[in-house]
Structure formats: structure tokens, C-alpha cells
Amino acid sequence: MEQNSALHPADIAEEISRLNKGEQHQYFMDYPLEDRLEIFSFLEVDVQYTLIKSMTEQELSELLNNLKPDTRNELLSELPDDLIKYLINLLNEREKQMALELIGYKEDSIARLMTPMYVQVRPYYTVDDVFRHIKVFGRKAETLNFIYVVDEKNVLIDDLKIGQLLLSDGSTKISDLIDYNFAAIKASTPMEEAFEIFQKYDRSALPIVTEAGVLVGIVTFDDVLDRIEDRDTEDIQRFGGMEELDLAYTKTPLLQLVQKRAGWLIILFFSEMLTASAMGFFEGELEKAVVLALFVPLIISSGGNSGSQAASLIIRAMALGELKLKDWWYVMKREVSSGLILGGILGTIGFLRILAWHFLGLYDYGPYWIAIGLTVAVSLVFIVLWGTLSGSFIPFILRRFGLDPATASAPFVATLVDVSGLIIYFTVAAFFLQGKLL
């Protein structure tokens, strides 16, 4: 395959991904080291892994020692422990220490995404001093949009936009420009909370500090965006009633794809058996009033749909930080109102449908058509109400126990409401039709 040096590294990474494993190594190694470092950061994890296994020890050492720390750390976090140890031993002392420090942070902490490659200066520097410093140390910096000001103990005291420095006189001291007003994230902060901080301050990069305020790294928005994409993909897959995929859909082997989907399908299948059990329990009522069976799909689907809607809204609001655990009562009050209104709308439509079909002669519901209509209408009110409450409350329960709210998948909520919806339906039917059809 002929190389095209004019391509963006991301495009070259796509080309490499399309090659077979035997060609990937040769094509990748034909590029200069500086290009390989850029291309490697755009490759999928499985392609990175393939290249690592095909490289010689010298090639690996050269690549790893020159990779950006955040890219290298993300790679190491995806590999088996024995391979991590092997790769870390290929690093020089400085890079090894840096890698071990990054890996030492909790897996879900924002520090896992940080890079120690940034420009920091002292308050007594002049603007000219800063630009001389940037020319010496800025080449490897992740970003030069911000310059970080630290004291003699490396405690962060401010950050300055590069534009502010460009517009200042060369003799101006940094201490005259700082106002001690800056945003930073603690290294131990969970990624979910850190994402909210990024959204709040709308910054392209944020500094990472220890509990004592010592500057240890920065996280750029592109790294955060990648992780948000991974998180949202995982949540969507879980919400659809399956385990999250380790690779892209097009690269996941068929058997693994089946395995990821089969577990939840089996659980939901056994759960749906309860629906059959509930139908069997009310078999006598169905024999006496076969007309009730006509509305079973309508009843249970309405409850499941309302539950799935509510779960989608609440899970997304939680992901965006709009709702916290303490907001559960506020949500319940809103969903009671929503459920009653939505149930009332569907119930009215259901009643009017029975009325229309009866008088137009499309179906003969008999002399008790009003009771049948009221059964369907009232059942829909209660079942839609129950669906909205279930769909909105289950994510809070999962979050309370430290689980991912996305586990409250749409199929799971729908199954729960299906079973309970039948019980509600036949209970209402017994009330309106007792002594008539039943």
C-alpha cells in the first residue's frame, strides 16, 4: 500500500486499520518516528495491541519513550498486567517514573487522563522570560493555550492565557498579571464529576492538583471528549439491554457479539415468563370475558413504553449532572403528575376507540361496552402512572447502591411493567365487570 504523507494522522490510522495484521507493522514503521507517534494516538486499542506484539524490543522502546504520557497511560490501562510490566521496563527512568505515577491513580479518577506535559512558570518571571522558557520546554507541551503559575513549592496559584502574555510588555512581571482566580480539578476526582467541571468552565484544558494544591498535570478537552464518547456508548449499549462492547461493532467477533447480548436476553426471557404466569393466573377471567384479551397487548405496551421514556429521561439527566440522589422526591412528584396526565390522555383515546368501534359496528362489545371502556381507560391511567414511576425510580435505586443507572435498561423496565400491568388490568376489570361478564 503506497504511503501518502499529505494525509492527516487520523486518516493514516484508518488506512492502517484496514490492512491485515501482517501489513500493519511494515506500513506503520515506514513512517518517521514523529509521524508514528501521532498516528499511534489515533489507532484503535486492538490495532495498537497488534502493532505492539509485532514490534521488536528496540522499536517498542523508542515508541513508548516518546509517546505522550496520557496516550501511553491510556494504552497501558487496557493491557494485561504481565504486558504492562514488560512495557514499563522498556521505559527510561524518567518516563518509567511518570508512567508509574499515572497508573497509581484510581481507575475512574481524572488523573488517569492527565499529562505532565505543560508549561509552568514562577511569579517573578517577566513576559520575555516566559517566552524564552516556552521555546526551550514548550515543544513537548500538550497545549500552549494556558501557562501555569506555581510558587516555590509547586503549588498552583494561577493560570494565564497565552493571548494575555502576547498583549503584555516584555518587561511585565507575571506577578503583575495574575489575579489568583483559576479553576482546577483534584487528582482524585472521579471522571464523571470532572466532566461536569469541564462543562461548567468551558475550558480547553484544566490543571490537575493534589489535595494540597500542588500542580501534577493537566487534562485537555479532547481526552475528556474521547472518554465521554466511550461512557455514552457504554451507557447506550447497557440501556439497550446488553453488556458493553470492548471493541467497535464492526470489529467485534460474531461469537463475542452473541455472548454480550445473550446474557440479558436470557434474563429478560425468564422475566417475561412471569407475564405468561400472570396470564395463566387470570385464565378463568379470560375464558369468561374473551374481549379482555383483545386489549392485553395495548395495556402492557403502553406501560412499558411510558417506563422506558421515564428511564431514558432520568438516566440522561443524571449523566448531565442535572439530577442528584437528593432530587428523588422532586422527580417522583413530577412523574406522578406526568403519569396521570399521560395515562389520562391514553385512557381517553382507548375509551373513545371502544365507543367508536361499537357504534360504527366494527366490533360488538355487547351491552356492557361502557364497563369494558372504563376498564381499559382506568387501567391505562394506573399502568402508565406505574410505568413512569418505575422507570424514573429504578435509576435512583441503582445509583444509591453505587451501580450504573444505565443498567435500568429499557427492556428491563418494560418487562417489570408488563407483569405488574397485567395484575393492574385484571384487578380493574374485576371492579368494573364483576357480576357482568366475570
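Here the structure is a predicted model, which means the values were calculated and not measured. Heads up: numbering here begins at 1 and tracks the sequence.
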Practice item. Might you work through the side-chain contact (heavy atoms from CB on, under 4.5 Å) test for Ser17 and Leu43, ending with a clear yes or no? Key: CA-CA 7 Å; Ser17 299; Leu43 291 169; 4.2 Å; yes

Check your understanding: When you look at Ile12 and Tyr31, which way does the side-chain contact (heavy atoms from CB on, under 4.5 Å) test go after all the steps?
Key -> CA-CA 10 Å; Ile12 298 173; Tyr31 282 93; 3.7 Å; yes

Check your understanding: Just how far is it from atom CD of Glu44 to atom CD1 of Ile16, taken to the nearest 0.5 Å?
Key -> 12.5 Å

Review point. Are any of the side-chain nitrogens in Lys200 or Glu193 under 4.0 Å away from the carboxylate oxygens of its partner?
Key: no

Practice item. Look at the side chain of Asp169 and the backbone N and O of Thr172, then say whether any donor-acceptor pair between them is shorter than 3.5 Å. Key: no

Exercise for review: Using a 4.5 Å cut-off on heavy atoms from C-beta on, say whether the side chain of Trp328 contacts that of Lys333.
Suggested key: no

Exercise for review: Under the side-chain hydrogen bond (donor to acceptor under 3.5 Å, both in side chains) rule, what do Thr126 and Asp129 come out as? Steps first, then yes or no, please.
Suggested key: CA-CA 5 Å; Thr126 65; Asp129 291 335; 3.0 Å; yes

Review point. Within the distance-only criterion (no hydrogens, no angle test), does the side chain of Asp327 pair as donor or acceptor with the backbone N or O of Tyr330 below 3.5 angstrom?
Key: no

Study note, to complete from the structure: CG (Leu64) and CG (Leu76) are apart, to the nearest 0.5 Å, by 7.0 Å

Practice item. Output all residues satisfying side chain to side chain contact (heavy atoms under 4.5 Å, CB included) with Glu38, sequence neighbours left out; order by chain, then residue number. Key: Pro9, Phe42, Lys68

Review point. Excluding sequence neighbours, so at least two apart, what forms side chain to side chain contact (heavy atoms under 4.5 Å, CB included) with Leu340?
Key: Val336, Val381, Leu385

Check your understanding: Taking 4.0 angstrom as the limit, do Arg122 and Glu152 come out as a salt bridge?
Key -> no

Exercise for review: Can you establish whether the number of heavy atoms outside Arg353 located under 6.0 Å from its atom CZ is more than 12?
Suggested key: yes

Review point. Do Gln26 and Asp30 touch side chain to side chain, with heavy atoms closer than 4.5 Å?
Key: yes

Exercise for review: Measure the spacing between OG of Ser379 and CG of Leu298 and express it to the nearest 0.5 Å.
Suggested key: 10.0 Å

Exercise for review: Test Ser392 against Leu313 for side-chain contact (heavy atoms from CB on, under 4.5 Å), laying out the working first.
Suggested key: CA-CA 8 Å; Ser392 57; Leu313 290 171; over 6 Å; no

Check your understanding: What are the two closest non-hydrogen atoms of Lys186 and Thr210, and how far apart are they?
Key -> CD-O, 3.6 Å

**Study point:** Salt-bridge contact Asp159-Arg203 (side-chain N to carboxylate O under 4.0 Å)
**Key:** yes

Review point. Does some side-chain heavy atom of Ile208 sit less than 4.5 Å from a side-chain heavy atom of Leu113?
Key: no

Review point. Is a side-chain N or O of Thr388 found less than 3.5 angstrom from the main chain of Val384, in a donor-acceptor match?
Key: yes

**Study point:** Aromatic plane relationship, Phe221 with Phe198 - under 30° parallel, 30 to 60° tilted, over 60° perpendicular
**Key:** tilted

Exercise for review: Apply the test side-chain contact (heavy atoms from CB on, under 4.5 Å) to residues Phe131 and Leu165: give CA-CA distance (whole Å), side-chain angles for both, the deciding distance (0.1 Å), then the verdict.
Suggested key: CA-CA 9 Å; Phe131 284 123; Leu165 297 175; 3.9 Å; yes

Check your understanding: Is any side-chain heavy atom of Val214 less than 4.5 Å from a side-chain heavy atom of Leu156?
Key -> no

Review point. Heavy-atom count around Asp179 CG within 6.0 Å, excluding the residue itself: above 12?
Key: yes

Check your understanding: Hey, does the side chain of Ser61 reach the backbone of Leu90 with a donor-acceptor pair shorter than 3.5 angstrom?
Key -> yes

Practice item. Would you please test Gln24 and Thr50 for side-chain hydrogen bond (donor to acceptor under 3.5 Å, both in side chains) and show each step? Key: CA-CA 8 Å; Gln24 286 176 347; Thr50 299; 4.5 Å; no

Check your understanding: What are the two closest non-hydrogen atoms of Val150 and Pro123, and how far apart are they?
Key -> O-CD, 3.3 Å

Study note, to complete from the structure: Separation between OH (Tyr148) and CG (Leu215), nearest 0.5 Å, reads 8.0 Å

**Study point:** Gap separating the CG atom of Asn145 from the OG1 atom of Thr220, nearest 0.5 angstrom
**Key:** 10.0 Å

Review point. Got a donor-acceptor contact below 3.5 angstrom from the Asp11 side chain to the Leu7 backbone?
Key: no

Review point. Any salt bridge between Lys173 and Asp176, counting N to O under 4.0 Å?
Key: no

Review point. Taking Glu142 for the side chain and Met117 for the main chain, is one N or O donor matched with an acceptor at less than 3.5 Å?
Key: no

Point to revise | Side chains of Lys21 and Ser54 in contact at under 4.5 Å (non-hydrogen atoms) | key: no

Point to revise | salt bridge (charged side-chain N to carboxylate O under 4.0 Å, His left out) assessment of Lys324 paired with Glu196 | key: CA-CA 13 Å; Lys324 307 292 184 184; Glu196 295 174 18; 3.3 Å; yes

**Study point:** For the student: nearest non-hydrogen atoms of Leu67 and Leu37, plus distance
**Key:** N-CD2, 3.8 Å

Check your understanding: Are the side chain of Asn73 and the backbone of Met114 linked by a donor-acceptor contact shorter than 3.5 Å?
Key -> no

Revision key, fill the gap. Residues Pro207 and Ile218: closest non-hydrogen pair is CA-CG2, 4.0 Å

Study note, to complete from the structure: CE of Met29 to CZ of Arg36, rounded to nearest 0.5 Å, is 4.0 Å

Review point. Taking all non-hydrogen atoms of both residues, which atom of Tyr27 and which atom of Glu15 are closest, and how far apart?
Key: OH-OE1, 2.7 Å

Point to revise | Check ion pair Arg112-Glu74 (N to O, under 4.0 angstrom) | key: no

Point to revise | Partner set under side chain to side chain contact (heavy atoms under 4.5 Å, CB included) for Leu144, not counting sequence neighbours | key: Val119, Ile134, Ala141

Practice item. Quick one: closest heavy-atom pair of Ile110 and Ala187, and the distance? Key: CG2-O, 3.9 Å

Review point. Do Phe146 and Leu160 touch side chain to side chain, with heavy atoms closer than 4.5 Å?
Key: no

Review point. Do the side chain of Gln120 and the main chain of Val149 share a donor and acceptor less than 3.5 angstrom apart?
Key: no

Check your understanding: Would you call the rings of Phe137 and His133 parallel, tilted or perpendicular if under 30° counts as parallel and over 60° as perpendicular?
Key -> tilted

Review point. Are the side chains of Trp386 and Val417 in touch, meaning some heavy atoms are under 4.5 Å apart?
Key: yes

Point to revise | Non-hydrogen side-chain atoms of Phe28 and Ile39 separated by less than 4.5 Å | key: yes

Check your understanding: So, does Asn20 use its side chain to make a donor-acceptor pair with the main chain of Gly22 at under 3.5 Å?
Key -> yes

Review point. Counting N and O atoms only, with roles assigned by atom type, does the side chain of Thr189 sit under 3.5 Å from a partner on the main chain of Ile185, one being a donor and the other an acceptor?
Key: no

